[in-house]
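Only this structure's heavy atoms are used, side chains among them; waters, hydrogens and symmetry mates stay out. Each chain gets a letter, A, B and so on, in the order its sequence line appears, and its residues count up from 1.
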Amino acid sequence: MEATARFTEDFLRRPVLEVARELLGACLVSDVGGVRCAGVIVETEAYGGIDDPASHACTRAGVTVRNRAMFGPPGRAYVYRSYGIHWCVNVVTGPDGLGQAVLCRGLMPLEGEEVMSERRAGRRPLAAGPGRLAQALGITDVLYGHDLSEPPLALVPGWRVPDTDVVVTGRIGIRVGADRPYRFYVRGRPGVSRAGRNTNL
DNA sequence: ATACCGATGGACT
DNA sequence: GTCCATCGGTATA
């Protein structure tokens, strides 16, 4: 991985299912608070915008204060609070205005595990699950709408993950649209959350 | 004004 | 496996 490597706008504008698959193996590099930590994304979920009933972009109100980042340019962070407790981070993708985004659900730590462990108060796993991932990387609503091509949170190309290592399942923790095969994870890697169904559809 | 319900994680059995 | 803290966003009145 080179320091100058970037995902292109063309890549980020591709349909959300393709981007969710291709973001497996990508790296998230955090410099939040001036301390560096990084890891490889090993689990993602696609949220398909206004036509996906499970997506935060799918509301009667249309664009709201909460979801407006999803309708902006791709490559930005959509950060939301879950259950009033956790922060979760998405990469906005797809053509402008569709409200598509990829939820980062699992990270395999590569660097700065001590920092992550501090932020996680010593709890394990470090970054398996969207709330844990965000906490380990120091992600909060301060990064809402942040351009992920820049510090303090950067998304950069990393490993190539062959199709034979990719498992596709339904999404976790939702009811409507849960059966859509929109979850992707890398088989056998630490950092993959196991909240239920890790099986093929 | 207020009711409902999570894109969850941690503690516990 | 089960239970539940905790609160913002949306819908409804």
K.L.:
Do R120(A) and Q135(A) pair up side chain to side chain, a donor and an acceptor below 3.5 Å, judged on atom types alone?
P.N.:
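R120(A) vs Q135(A): donor-acceptor pair found between side chains.
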K.L.:
At under 4.0 Å between heavy atoms, what does R120(A) touch on the DNA or RNA strands: base, sugar-phosphate, or nothing?
P.N.:
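R120(A): backbone/sugar contact only, no base atoms under 4.0 Å.
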K.L.:
Could you tell me the separation between the NE2 atom of H56(A) and the C1' atom of dC7(C), rounded to a whole number of Å?
P.N.:
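Roughly 14 Å, once rounded to whole Å.
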K.L.:
Does the side chain of R123(A) get closer than 4.0 angstrom to OP1 or OP2 of dG10(B) through an N or O atom?
P.N.:
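Looking at the OP1 and OP2 atoms of dG10(B), one of them is under 4.0 Å from a side-chain N or O of R123(A).
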K.L.:
Just compare dG9(C), dG9(B), dA7(B) and give me whichever is closest to any side-chain atom of S55(A).
P.N.:
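The listed nucleotide nearest to S55(A)'s side chain is dA7(B).
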K.L.:
If you only use heavy atoms from C-beta on, which nucleotide in dG8(C), dT10(C), dA7(B) is closest to the side chain of Y47(A)?
P.N.:
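Nearest to the side chain of Y47(A) among the choices is dA7(B).
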K.L.:
Could you tell me how far apart N67(A) (CG) and dG6(B) (P) are, to the nearest whole angstrom?
P.N.:
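Distance, rounded to whole Å: 17 Å.
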K.L.:
For the side chain of R175(A), counting heavy atoms from C-beta on, which of dA11(C), dG6(B), dA5(C) is nearest?
P.N.:
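Closest nucleotide among those given: dG6(B).
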K.L.:
Please state how far atom CZ in R66(A) lies from atom P in dA7(B), giving the value in whole angstrom units.
P.N.:
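For the pair R66(A) CZ and dA7(B) P, the rounded distance is 7 Å.
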K.L.:
Would you mind reading off the distance between R132(A) atom CZ and dT8(B) atom P, rounded to a whole angstrom?
P.N.:
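Rounded to the whole Å, the gap is 11 Å.
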K.L.:
F184(A) and L17(A): which non-hydrogen atoms are nearest, and at how many Å?
P.N.:
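Minimum heavy-atom separation between F184(A) and L17(A): CZ-O, 3.9 Å.
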K.L.:
In this structure, how many angstroms lie between the P atom of dG9(C) and the NE2 atom of H86(A), rounded?
P.N.:
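Roughly 16 Å, once rounded to whole Å.
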K.L.:
For Q135(A) and dT8(B), give me the distance from atom CD to atom C1', rounded to whole Å.
P.N.:
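Taking atom C1' of dT8(B) as the reference, CD of Q135(A) is at 12 Å.
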K.L.:
So which nucleotide does dT8(B) pair with, by the Watson-Crick or G-U wobble rule with both distances under 3.5 Å?
P.N.:
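dT8(B) is paired with dA5(C).
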K.L.:
For the pair made of CZ in R81(A) and P in dC5(B), what is the distance, rounded to whole Å?
P.N.:
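In whole Å, dC5(B) P and R81(A) CZ are 21 Å from each other.
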K.L.:
Looking at dT10(C), I'd like to know if its phosphate oxygens (OP1 or OP2) sit under 4.0 Å from a side-chain N or O belonging to T64(A).
P.N.:
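Yes.
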K.L.:
Would you please say whether a donor-acceptor pair under 3.5 Å links the side chains of S149(A) and D147(A)?
P.N.:
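Present: a donor and an acceptor within the cut-off.
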K.L.:
Rounded to whole angstrom units, what separation is found between the CZ atom of R124(A) and the P atom of dA11(B)?
P.N.:
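So the CZ-P distance, R124(A) to dA11(B), works out to 15 Å.
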K.L.:
Phosphate oxygens OP1/OP2 of dG9(C): is one of them under 4.0 Å from a side-chain N or O of R60(A)?
P.N.:
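Result: no.
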K.L.:
Test ring-ring contact (aromatic ring centres under 6.0 Å, His included) on Y80(A) and H56(A) and set out the steps.
P.N.:
CA-CA 9 Å; Y80(A) 71 94; H56(A) 290 170; 4.7 Å; yes
K.L.:
Name the closest nucleotide to the S82(A) side chain, picking from dT8(B), dA7(B), dA11(C).
P.N.:
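The answer is dT8(B).
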K.L.:
If you measure from the ring centre of Y83(A) to the centre of the six-membered ring in the base of dA5(C), is it under 5.5 Å, with the planes under 30° apart?
P.N.:
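Given the distance and angle limits, no, they do not stack.
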K.L.:
Show, in sequence, the C-alpha distance, side-chain angles and deciding distance for R171(A) and D179(A), and conclude whether the salt bridge (charged side-chain N to carboxylate O under 4.0 Å, His left out) test is met.
P.N.:
CA-CA 7 Å; R171(A) 292 175 292 189; D179(A) 52 336; over 6 Å; no
